[in-house]
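For reference, the structure discussed in these notes is given below.
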Amino acid sequence: MMSGLKTGLVLGGGAARGAYEAGVLSYLREELEPELGRELRLDILAGTSVGAIHACYLAATSDRPRLQGQGMRAHWTGMKVEEVLRVGMGDILRVLREALGKPAPHPRDLQYGGLVDPRGLRAIVSRGIPWLGIGRNLRKGHLDALAVSSTHVGSGRAAVFVQRHGGGIPPWGNDPSYQAQATRISPSHALASAAIPVVFPAVRIQGELHVDGGLRLNVPLSPALRLGAQRVIVISLRHEALRARKLEGESLEQEREQAFATAPFLMGKMLNTLMMDRTDQDLGRLRRLNAILEAGTVAYGPGFAQTLGAVLEPHRSQPLRYVRELLVRPSKDIGALAAEYVRTPEFRRRSSGLAHKAILRLVDRDASHEADLASYLLFDGGFADILIELGRQDARALRAEWLRFWSDEPQCVSEMATMKPPAASAA
């Protein structure tokens, strides 16, 4: 029997779509744990954009795991669009002034390109997360590491900020596309990771500007593996595939062509492209490596991974090992759910602010069966409730995979061969 597998949780980006992650975590804490009769420890937390905010919350409350699902649900269902998307005429004029190349009248107040006043999101992040709990829980061993990803504006590289038990960072390799840095993670790191270009302003960290990590590393699987995860849960916010749907005498493709000329449609597709979800590619590489290790171990014995790892050592920063993985992703198109929800009387009754009206106009101008841009901006408790329930349903549908994932028994001969026995307790 095996025990002590380091478990990583990888949380992707997607702004308001992030309520789906709260649903998956709610299932984990409130349904699966009671069924298994034990706490399911998350050792390594890696997040980007809204996933970074969630990762920070989970790290700060890792000493109280039973409350995490309830806390995340309450946070999302209590949201109002106007609390997050604070937009006034002053913000619009400022962006126009920047677009024309005119300097801001007060440089100290410059928002670095964002349309939305960030104070609303900053207040939610600052008040909603007990930040001192991150360091305390790391020191007490409630988790091993937290990683938050952003995009460095000056270089375009992904920046991975790491806070872990014992400090420092493990060997990270020499990939020029992103750098890791040991630091004490603060609200600024989470806000930088969630700073969608044009929507939210860039954030300065140590004097340098950073924006949404989803531009370079939307689903941060690699940091979790580099930090030592031996099994990983990956939550993606991108629907697997858009199934062909027929409208009344007109195909969805034709409707998209008609909507193509509208700014909301193009901006939504642009955000989808910017927040490129490489989950399938990253997990595909991991699965291929697992398959190679399994075939080699069966053919050549338990020393295969060590032998192959010695050959590949100049190109890798971590030893070769079999890694269990479990992927949860939306079974429904979140853009379509946003379009459906915004057109309901419930949403129209919730508020009458500028941001609320803007989202209504966005959806009215977008394709009738999808509203990608609105789905990123819909920080609304009613919409969050829909995504939370979808996350719970999708996670529940994977019950057999969850049981396999959390099993203490080795899943294959290569996993048995590459796992070290748990260290003996000190006398």
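- The shortest distance between side-chain heavy atoms of Leu289 and Leu320 falls below 4.5 Å.
- Using bins of under 30°, 30° to 60° and over 60° for the plane-to-plane angle, the ring pair Trp76/His54 lands in the perpendicular bin.
- The side-chain heavy atoms of Val160 and Val148, taken from C-beta on, include no pair separated by under 4.5 Å.
- Taking the charged nitrogens against the carboxylate oxygens, Arg329 and Asp280 do have a contact shorter than 4.0 Å, which makes a salt bridge.
- Under the 3.5 Å distance criterion, the side-chain polar atoms of Arg321 are left unmatched by any main-chain donor or acceptor of Ala305.
- Using a 4.5 Å cut-off on side-chain heavy atoms (C-beta onward), Thr151 and Asp212 make no contact.
- A salt bridge links Lys6 with Asp144: the distance from a Lys NZ or Arg NE/NH1/NH2 to an Asp or Glu carboxylate oxygen falls below 4.0 Å.
- Residues Tyr20 and Asp394 have side chains that bring a donor and an acceptor to within less than 3.5 angstrom of each other.
- Counting only distance, with no hydrogens or angles, the side chain of Asn290 and the backbone of Val323 share a donor-acceptor pair below 3.5 Å.
- Residues Phe347 and Phe383 are not in side-chain contact: their nearest non-hydrogen atoms beyond the backbone lie 4.5 Å or more apart.
- Ion pairing between a basic and an acidic side chain is recognised when a charged N comes within 4.0 Å of a carboxylate O; Asp43 and Arg41 show such pairing.
- Judged purely by distance below 3.5 Å, without hydrogens or angles, the side chains of Thr344 and Arg348 never pair a donor atom with an acceptor atom.
- Residues Arg399 and Glu31 are not paired through a salt bridge, judged by the lack of any N-O separation under 4.0 Å between the basic side chain and the carboxylate.
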Test log, rule side-chain contact (heavy atoms from CB on, under 4.5 Å), inputs Arg404 and Arg324: CA-CA 9 Å; Arg404 172 197 62 79; Arg324 293 189 202 180; 4.3 Å; yes
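- Looking only at distances, no side-chain donor or acceptor of Ser26 sits under 3.5 Å from a matching main-chain atom of Ala22.
- Counted within 6.0 Å of CD on Gln181, heavy atoms from surrounding residues, nucleotides or ligands total more than 12; the atom is thus considered enclosed.
- A 4.5 Å side-chain heavy-atom check between Phe304 and Val298 finds every atom pair outside the cut-off.
- Listed for the Arg119 side chain is no donor-acceptor partner under 3.5 Å among the backbone atoms of Ala123.
- A salt bridge is defined here as a Lys NZ or Arg NE, NH1 or NH2 lying under 4.0 Å from an Asp or Glu carboxylate O, and Glu30 with Arg392 meets this definition.
- Taking the ring centroids of Phe161 and His210, they lie under the 6.0 Å cut-off.
- Taking the six-membered ring for Trp and the full ring otherwise, His152 and Tyr178 have centroids separated by 6.0 Å or more.
- Judged by distance alone, the side chain of Thr77 and the main-chain N or O of Arg73 form a donor-acceptor pair under 3.5 Å.
- Between Arg287 and Glu325 there is a salt bridge, since a side-chain N of the basic residue sits under 4.0 Å from a carboxylate O of the acidic one.
- With Gln68 contributing its side chain and Leu58 its backbone, the two residues share a donor-acceptor pair below 3.5 Å.
- The 12-atom threshold is not exceeded at CZ of Arg66, counting heavy atoms of other residues, nucleotides or ligands nearer than 6.0 Å.
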